Structure formats: structure tokens, C-alpha cells
Amino acid sequence: MADIEGQTEQKEFYLDIPAKNQAFFLKGSGALDWGIQNRLSRIFNPCSGKTVMLAIDHGYFQGPTTGLERVDVNIVPLVPYADALMLTRGILRSSIPSSGRNAIVLRASGGPSILKELSNEQLAMDMEDAVRLNACGVAVQVFVGGEFETQSIHNLTRLVDRGNRYGVAVLGVTAVGKNMTRDAKYLRLAVRICAELGAHIVKTYFCPEGFETVAASCPVPLVMAGGKKLPELDALKMAHNAIQQGASGVDMGRNIFQADAPVAMIQAVGKVVHEGLKPEHAYDLYQTLKNEKKIEAPVGR
Ligand code: R5P
């Protein structure tokens with residue numbers, strides 16, 4: 001009897017199988033604590049290793065910019081197609097249903113409006129409130145070369161200390177001033193400073209020449225900012241190029257919510273990001289979804 005019990009015990013403990021020690025799927029993130037890794041796994045899809053983050057935080061310095069006048073009407077229909085939402089706590093609490101399953105990345109810096117010097121930002125949110133809102137990440141603007149460069153970098157480092165304390169990922173956003181060149185040399189500098197100072201994710205703009213060196217010099221996941229509105233095919237090409245050259249996703253706003261058909265556009269972007277769909281095929285999908293919407297609209301009335 002004792003022998004049988006012993007054999008059963010041995011079987012249940014799987015003594016012949018070594019304990020699993022799985023590597024974390026995001027670059028540069030293997031040494032992070034479980035809580036941050038878990039939150040990063042909600043921002044980035046563990047299957048593709050990528051994210052489609054929908055940026056709708058523009059109002060924190062621009063007010064109700066085109067496409068964001070009514071978040072409840074124009075943006076909520078896009079929410080199911082995004083992996084993560086990047087937004088302010090005010091819009092989250094007022095306009096986004098709490099039943100959604102998206103990862104939340106909260107804008108955590110602010111201060112000046114478009115009428116003033118934009119680099120003069122300060123931290124604008126407690127980490128405790130981010131945790132209360134079940135945020136996976138917080139975002140802070142870093143103005144490398146800007147008038148208040150040092151202040152903005154201190155905002156990042158203070159937020160990283162708090163993020164590490166609470167297990168919340170910090171997204172460093174490289175803000176490129178109006179008079180700065182968005183070339184690979186500048187973006188490498190700005191991106192690397194954010195990563196060196198502890199950002200868990202970095203967001204930067206795409207540059208047509210040398211973006212792969214920007215991605216390679218960033219030791220943590222890099223997401224591409226969308227920038228000003230482009231024709232839809234061009235925006236899909238830009239997203240595709242960024243992913244092929246090493247980006248771990250996109251954090252796009254205007255090129256999605258200002259598109260002719262935003263719900264179709266975010267789905268096309270998702271195919272490019274997660275499945276590597278060629279931009280021309282993604283554009284075909286965009287057109288198909290856009291036309292389907294036109295046919296369906298009268299039925300819903
Ligand atoms: C701007 O400062 C905000 O961080 C936006 O989230 C960012 O610019 C991305 O939005 P867009 O794709 O419209 O440039």
C-alpha cells in the first residue's frame with residue numbers, strides 16, 4: 001500500500017519535469033516585477049508581442065480637437081478594437097465605460113496649453129489615482145532639447161520611481177518641438193534618454209530614414225506615435241514600416257479618429273500591427289469595411 005501511495009505521489013509531483021522558467025515576451029522587460037510584467041501583458045498582446053494603443057489624450061493641452069469633440073459618440077465605438085487606450089483621467093471617468101477590457105494608459109503630465117510654452121509641464125496625477133483607476137501604465141512627455149528639458153526629464157524619473165513602487169508601467173513620450181528635426185539622430189537621442197532613465201515603454205515618431213536604428217537603440221518596447229493626419233494608405237504604410245523596422249506597436253490618434261471611417265481604420269491598423277498585413281491589403285480591408293458601414297447605416301436608423 002505504501003509503495004502505491006509513493007508511486008502516486010511521485011507522479012503528481014512530476015519529478016521528471018524541470019520547473020518551467022519562461023522568458024518574458026517583451027524586450028528589456030525580463031527583470032521587471034510581476035505586477036509591471038502583468039500590466040505590460042495587457043498593453044501588449046502576448047501572442048503578437050505588439051499593441052494598438054489608441055491615443056485620445058490631445059485635449060489635455062489642445063482642448064476639443066477635431067474628432068475628439070464628443071468622445072462618448074466618436075471614440076467609444078473604436079474602443080473594442082484597441083489593445084490599450086491612452087487618455088486623461090478626466091475623459092476616462094466621464095466618457096469611457098468601465099466595463100471595457102482595454103488596458104488603460106493615463107496621461108500623467110500636463111500644465112501648459114497650446115497658448116503657452118508646451119515643455120513647461122509638471123506631473124499632473126498621483127500614482128494612487130492611477131492604481132484606483134486600474135491603469136496599466138502612465139504617460140509622461142519628455143522634451144529633449146526643449147526649453148524645460150530638465151524639468152520634463154525629472155517628471156519622467158519621479159514617475160518611474162512611483163511606477164516601480166506601485167507596479168505601474170511608465171510610458172516616456174518623446175515630444176518633438178515645432179522647430180526640431182524629426183530625424184533618426186534626434187529620435188535616437190530622445191528615445192535612449194527615456195529608456196536609460198527607466199521608462200518601461202517609449203513612444204516616438206517615425207522617421208523615413210534610419211528608424212530601424214532608433215528602434216534598435218531603444219532597449220525596451222518602442223511604440224510609434226501617429227502624428228498629423230495622413231491619407232489612410234500612407235498612415236498604414238507608416239505603421240507597417242515602423243513594425244517591420246522594430247517597433248512593438250503603435251500609439252496612434254489623429255490617423256485613426258480623423259480617418260474617413262475610424263472604426264474601419266483601427267481594424268486595418270490592427271491587421272498591420274498584429275498580423276503583419278501589407279499596407280495595400282490593409283487598405284483594401286479598410287475600404288471594404290468602410291463601404292459595409294455605408295450600406296449598413298440606413299438599416300440601423
Ligand atoms: C500628444 O502629445 C499626445 O501624446 C498624443 O497622444 C500623441 O500625439 C499621439 O497622437 P497622434 O497620433 O494624433 O499624434
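Order of listing sets the numbers, starting from 1, for every ligand and every atom in it. Predicted model only: the values in this text are computed from it and were never measured. Any value given below was found using the heavy atoms of this structure, including those in side chains, with hydrogens, waters and symmetry copies removed.
Arg192 places a side-chain N or O within donor-acceptor distance of the main-chain N or O of Ser217, the cut-off being under 3.5 Å. Side-chain atoms of Glu69 come within 3.5 Å of backbone N or O of Gly67 as a donor-acceptor pair.
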Report, one line per pair, each donor and acceptor closer than 3.5 Å where one atom sits in a side chain of residues 276-286; sequence neighbours left out.
unit_1: Tyr283; atom_1: OH; unit_2: Gln287; atom_2: NE2; d: 2.6
unit_1: Tyr286; atom_1: OH; unit_2: Glu232; atom_2: OE2; d: 3.4
unit_1: Tyr286; atom_1: OH; unit_2: Ala261; atom_2: N; d: 3.2

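Taking the six-membered ring for Trp and thresholds of 30 and 60 degrees, Phe211 and Phe206 have ring planes inclined between 30 and 60 degrees apart.
Atom 8 (O) of ligand 1 has as its closest protein heavy atom Tyr205 OH, 3.9 Å. From the protein, the heavy atom lying nearest to atom 12 (O) of ligand 1 is Gly253 N, 2.8 Å. The protein atom (non-hydrogen) at minimum distance from atom 7 (C) of ligand 1 is Lys203 NZ, 3.2 Å. With respect to atom 10 (O) of ligand 1, the closest heavy atom belonging to the protein is His58 NE2, 3.0 Å.
Phe257 does not count as a contact of ligand 1, since none of its heavy atoms falls under 4.0 Å from the ligand. At least one heavy atom of Arg107 sits closer than 4.0 Å to an atom of ligand 1. Ligand 1 has at least one atom lying under 4.0 Å from a heavy atom of Gln141.
Applying the 4.0 Å criterion to heavy atoms of Gly226 picks out, from ligand 1, the atoms 12 (O). Near Arg254, meaning under 4.0 Å from one of its heavy atoms, ligand 1 places the atoms 11 (P), 12 (O), 13 (O), 14 (O). Close approach of ligand 1 to Met252 (heavy-atom distance below 4.0 Å) involves ligand atoms 12 (O). Below 4.0 Å from some heavy atom of Ala55 lie the following atoms of ligand 1, by number and element: 6 (O), 9 (C), 10 (O).
By the 6.0 Å contact criterion, CZ on Arg70 is open, its count of non-hydrogen atoms from other residues, nucleotides or ligands being 12 or less. The neighbour count for Arg132 CZ, taken as heavy atoms of other residues, nucleotides or ligands under 6.0 Å away, is above 12.
Closest to atom 6 (O) of ligand 1 by heavy atom, among Ile56, Asp57, Val223, is Asp57.
Looking at Asn120 and Gln151, their side chains do bring a donor and an acceptor atom within 3.5 Å of each other. Using a 3.5 Å distance cut-off with no hydrogens or angles, the side chains of Ser109 and Arg107 do pair a donor with an acceptor.
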